[in-house]
Asks: 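Here's a structure for you.
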Amino acid sequence: GAELRFEDVEFGYDPRRPILKGVGFTVPAGRTVAIVGPSGAGKSTISRLLFRFYDVNGGRVLIDGQDIRDVTQASLRASIGIVPQDTVLFNDTVFYNIAYGRTGASPAEVERAARLAHIHDFIMALPDGYQTTVGERGLKLSGGEKQRVAIARTILKDPAILLFDEATSALDTHTEREIQANLREVSRGRTTLVIAHRLSTVIDADEILVLEAGRVIERGRHADLLVAR
Ligand code: ADP
Ligand code: ADP
């Protein structure tokens with residue numbers, strides 16, 4: 001795993017209108033840091049900066065000590081595995097959807113990733129259904145199952161950094177818990193940045209930052225933040 005570091009990052013889509021105001025954190029190799037905060041706080045902006053959709057106006061973003069301004073977008077995409085809120089799946093089998101993005105993966109590797117994400121039973125299913133040969137349920141994948149496909153795809157890619165960007169926000173409470181448990185399993189030992197809007201979804205992060213209007217207003221472990229609030 002790699003170390004990810006935001007150093008005093010300043011950013012505005014319009015530089016005269018700052019959105020992130022001195023945001024700093026370090027995700028040590030193999031650890032998990034979470035950023036929580038209300039809608040509009042700047043969480044998605046952080047993930048866009050990480051992929052260099054935009055460059056910072058001040059401060060730096062570093063991966064293993066290297067300023068990402070010296071890294072191409074293509075290479076960033078290769079080293080960051082994102083599990084987004086809404087996963088776009090192709091109209092093809094779950095197997096293909098997992099394998100996509102890692103040409104050269106062997107079927108055994110794809111199956112292993114599917115097992116880790118607990119989606120192996122659906123490996124020949126089509127996400128949107130209309131193939132009824134996969135058992136009695138054989139129709140559409142649920143939202144949670146689609147997220148499992150996204151998780152398997154990301155594991156297969158074996159990226160240096162994992163980014164969970166509101167990965168469970170669109171799910172119902174019960175499914176959200178299941179998918180979170182899976183995210184915790186697959187992120188163990190990997191450098192992981194979690195973006196979420198609720199504190200309750202990031203309980204075992206090594207550090208949690210509370211972002212409000214582009215500033216880190218609190219930081220600590222889950223238990224510390226609960227006491228502080
Ligand atoms: P969050 O993910 O925490 O909901 P965002 O990072 O999406 O917050 O947005 C932070 C602020 O930046 C908001 O005020 C939002 O309106 C603004 N913003 C987000 N994306 C853009 C954009 N592409 N252009 C201009 N302003 C944007
Ligand atoms: P997500 O959190 O899934 O990224 P957002 O609502 O933050 O969703 O952004 C969805 C898209 O809309 C992004 O491509 C973003 O750049 C754009 N966007 C978000 N807020 C604004 C804004 N205030 N002005 C312009 N574009 C925006």
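Counting starts at 1 for both ligands and their atoms, in listed order.
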Asks: Between Gly40, Gly37, Pro18, flag the one that comes closest to atom 4 (O) of ligand 1 by a heavy atom.
Replies: Gly40
Asks: For Glu178 and Thr175, test the side chains for any donor-to-acceptor distance below 3.5 angstrom and give the result as yes or no.
Replies: no
Asks: For atom 9 (O) of ligand 1, which candidate among Thr45, Ile195, Leu211 provides the closest heavy atom?
Replies: Thr45
Asks: Which ligand 1 atoms are under 4.0 Å away from a heavy-atom of Ala41?
Replies: 1 (P), 3 (O), 8 (O)
Asks: Below 4.0 angstrom, N of the basic side chain to O of the carboxylate: do Glu207 and Arg221 qualify?
Replies: no
Asks: Judged on heavy-atom distance to atom 11 (C) of ligand 1, which of Leu20, Ile19, Val36 sits nearest?
Replies: Ile19
Asks: List every atom of ligand 1 that sits less than 4.0 Å from any heavy atom of Ser44, numbering the atoms from 1 in the order shown and giving each element.
Replies: 1 (P), 2 (O), 6 (O), 7 (O)
Asks: Is Gly214 in contact with ligand 1, taking contact as a heavy-atom separation below 4.0 Å?
Replies: no
Asks: Can you list the ligand 1 atoms lying under 4.0 Å from a non-hydrogen atom of Ser39?
Replies: 4 (O)
Asks: Looking only at heavy atoms, is any part of His197 under 4.0 Å from ligand 1, and if so is it the side chain, the backbone, or both, or is it neither?
Replies: neither
Asks: How about Thr45 and Tyr13: does a side-chain donor come under 3.5 Å of a side-chain acceptor?
Replies: yes
Asks: Below 4.0 Å from any atom of ligand 1, is there a heavy atom belonging to Tyr54?
Replies: yes
Asks: Give the atoms of ligand 1, by number and element, whose distance to some non-hydrogen atom of Arg48 is under 4.0 Å.
Replies: 19 (C), 20 (N)
Asks: To check you understand the geometry: which heavy-atom pair defines the closest contact between Leu50 and Ile68, and what is its length?
Replies: O-CD1, 3.7 Å
Asks: Look at Arg184 together with Asp204 and state whether they make a salt bridge at an N to O cut-off of under 4.0 Å.
Replies: yes
Asks: Do you know the tightest heavy-atom contact between Ile82 and Thr154?
Replies: O-OG1, 3.3 Å
Asks: Show the atoms of ligand 1 that are less than 4.0 angstrom away from any heavy atom in Pro38.
Replies: 3 (O)
Asks: Work out whether the distance between some heavy atom of Glu166 and some atom of ligand 1 is less than 4.0 Å.
Replies: no
Asks: Under the side chain to side chain donor-acceptor pair (under 3.5 Å) test, which residues partner Thr168, sequence neighbours left out?
Replies: Glu176, Gln180
Asks: Can Asp158 and Arg190 be counted as an ion pair, charged N to O under 4.0 angstrom?
Replies: yes
